[in-house]
Amino acid sequence: MPDDGSVAESTSTWGVVNVDAVETIDPTEDPRSFSSKLPWAITFESGGLTIGCTVLYPEQFDAIRRMFDCEKSIVESLARCVKWKAGGGKSGSAFLKTQDDRFIAKELSRAELQTMETFAPAYFDYMSSAVAANASYFRITEISLADESVFLLQRPTLLAKVFGCYKLTFKRTAAKDRGSGKSKSTQMNLLVMENLFYNRRFARIYDLKGSTRNRHVQPTGQENEVLLDENLVEAAHTNPFYLREHSKRILRGALYNDSKFLADINVMDYSLVSGVDSKTNELVLGIVDYIRTYTWDKKLESWVKESTFLGGAGKGEPTIVTPKQYRQRFLSAMERYFPLVPDRWMKHKDAPEEDTSSLSELWPDW
């Protein structure tokens, strides 16, 4: 571990903050209450290697970690990571998973890092208003809400929790070049999030975007295999995800709320990952990959595919749509993917996601 002298001043715009300041944070503080948004910059040297770590929004993320009682365990977990091949995605990003399986670290591109910097304040605000201090993740059984004691949300949310964002630099200076100042530098940006499937075993996992365009993979039958939308549509004929009324209403409300939040901040291309625990028969759900905004290149691609320019018209559903269009398609598909099974105790008439009156009855602040 670096000593006190290893925290050096920096001329970068990230700034340097005393690392001891974190101990004064009240664990009951709202992440929105911190006025300081300056990152912390920590550097230390060892054997010609200079390692720098810039912590984005340190106080806010620390408050989030304290909310979920993982501020100490996350340090122990991150000390032991292994490479992990995540299925379902096409971004090409590198992933790490802690050996205890609790957390996942995803490599961010420079554009994604910039997005995270602007996205983070809205994320803190949203999570603070949605999650109680000791809430757990959203969990549903195939017949009813599982163990309602863990469902302590002021408003339901399916967003996978993000616990930190870091910018790492590695500079190695050869012995012969130490006097000249020449060095080789490597940079990595990491986003640390919860592992939605921690301590679970799944017979099937789906990565769902609400589209059937190029959303099919050939099943191999391997454990924890990630399948896509078209695979779910095929399996729904024999093994659908039926939900009872209460579970369906909470799921519908969470999807409506989260997708509206993401559309309002111009985010798209997120996924709903779902898996059935083979031991408990519980359906576990979470929204991931929500750090992607509707940038100019996506707008250009969408325009080309929708127009006759460069032969773009008439080639099917465009892969890039606006955040609002993506949300509408996403909600409509999830409504079909997780059908309601009525019973004799059903009290309310089932309503699609466009009917917000039923949602306002559950959560008046919507």
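Among all heavy-atom pairs drawn from Leu196 and Leu285, the shortest one is CD2-O, 4.4 Å. Taking every heavy atom of both residues into account, Pro39 and Pro58 meet most closely at CA-CD, 4.0 Å. Heavy-atom minimum distance, Leu228 versus Asn214: CD1-O, 4.4 Å. A pairwise comparison of heavy atoms in Val233 and Tyr337 identifies CG2-CE2, 4.0 Å as the closest pair. Glu225 and Pro219 make their closest contact through OE2-CA, 3.2 Å (heavy atoms, listed as atom of the first residue, atom of the second, distance). Minimum interatomic distance between Leu208 and Phe330 (heavy atoms only, all atoms of both residues): O-CE1, 3.8 Å.
Tested against Tyr57 for a ring pair (Phe, Tyr, Trp, His ring centres under 6.0 Å), the candidates Phe124, Trp40, Phe119 yield a single pass: Phe124. Tested against Tyr206, the residues Leu272, Val226, Leu232 include a single side-chain contact (heavy atoms from CB on, under 4.5 Å) partner, Leu232.
Taken to the nearest 0.5 Å, the CZ atom of Phe95 stands 13.5 Å off from the SG atom of Cys81. The CG atom of Leu159 sits 10.0 Å away from the CD atom of Glu194 when rounded to the nearest 0.5 Å. Taken to the nearest 0.5 Å, the CD atom of Glu112 stands 12.5 Å off from the CD atom of Glu117. Note that CZ of Arg329 and CE of Met334 are 9.5 Å apart. Values are rounded to the nearest 0.5 Å. A distance of 9.5 Å separates CD of Gln114 from CG of Asn189, quoted to the nearest 0.5 Å. With values rounded to the nearest 0.5 angstrom, Phe103 atom CZ is found 9.5 Å from Asn195 atom CG.
Between the side chain of Tyr290 and the backbone N or O of Ala160 there is at least one donor-acceptor pair closer than 3.5 Å. Between the side chain of Ser271 and the backbone N or O of Val288 there is no donor-acceptor pair closer than 3.5 Å. Side chain of Ser332 to main chain of Gln328: no donor-acceptor pair is present (N/O by atom type, distance under 3.5 Å, no hydrogens or angles).
You'll find the side chain of Arg252 stays beyond 4.5 Å of the side chain of Phe338, heavy atoms only. Side-chain contact between Glu245 and Leu340: present, with at least one pair of heavy atoms (C-beta onward) separated by less than 4.5 Å. Inter-residue side-chain proximity for Pro339 and Val341 is flagged as unmet; no heavy-atom pair is nearer than 4.5 Å. Between Leu251 and Leu158 there is a side-chain heavy-atom pair separated by less than 4.5 Å. For the pair Gln60/Asp62, no side-chain contact is recorded, criterion being any heavy-atom separation below 4.5 Å from C-beta on. In this structure, Ile291 and Val267 have side chains that are not in contact, with every pair of non-hydrogen atoms separated by 4.5 Å or more. Counting only heavy atoms from C-beta outward, the side chains of Asp289 and Asp269 never approach each other to under 4.5 Å. Side-chain contact between Leu168 and Ile51: absent, with no pair of heavy atoms (C-beta onward) separated by less than 4.5 Å.
Aromatic ring orientation, Phe61 versus Tyr123: tilted (interplanar angle from 30° to 60°).
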request  = Apply side-chain contact (heavy atoms from CB on, under 4.5 Å) to Val217 and Asn231, showing your working.
outcome  = CA-CA 7 Å; Val217 295; Asn231 299 101; 3.6 Å; yes
task = Begin with the C-alpha distance, continue with both residues' side-chain angles, and end with the deciding distance and a verdict on side-chain contact (heavy atoms from CB on, under 4.5 Å) for Asp229 and Ser211.
result = CA-CA 7 Å; Asp229 293 68; Ser211 171; 5.6 Å; no
query = Yes or no on side-chain contact (heavy atoms from CB on, under 4.5 Å) for Val276 and Arg204, after CA distance, side-chain angles and deciding distance?
reply = CA-CA 6 Å; Val276 178; Arg204 46 184 172 146; 4.1 Å; yes
request  = Check step by step if salt bridge (charged side-chain N to carboxylate O under 4.0 Å, His left out) holds for Arg215 and Asp207.
outcome  = CA-CA 9 Å; Arg215 298 290 297 169; Asp207 181 297; 3.0 Å; yes
inquiry  = Applying side-chain contact (heavy atoms from CB on, under 4.5 Å) to Tyr270 and Asp258, what does each step give before you reach the verdict?
reply    = CA-CA 11 Å; Tyr270 42 87; Asp258 292 341; over 6 Å; no
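A donor-acceptor contact under 3.5 angstrom links the side chains of Asp100 and Ser77, judged on distance only. Checking Lys171 against Ser185 by side-chain atom types alone, no donor-acceptor pair falls below 3.5 Å.
Cation-pi geometry between Arg102 and Tyr198 is satisfied (NZ or CZ under 6.0 Å from the ring centre, within 45° of the ring normal).
In the hydrophobic cluster analysis, where Ile, Leu, Val, Met, Phe, Trp and Tyr join through side-chain heavy atoms closer than 4.5 angstrom, Met193 is grouped together with Val75. Residues Leu108 and Leu96 do not share a hydrophobic cluster, clusters being chains of Ile/Leu/Val/Met/Phe/Trp/Tyr side chains in contact below 4.5 Å.
The ring pair (Phe, Tyr, Trp, His ring centres under 6.0 Å) test applied to Phe261 returns Tyr126, not counting sequence neighbours.
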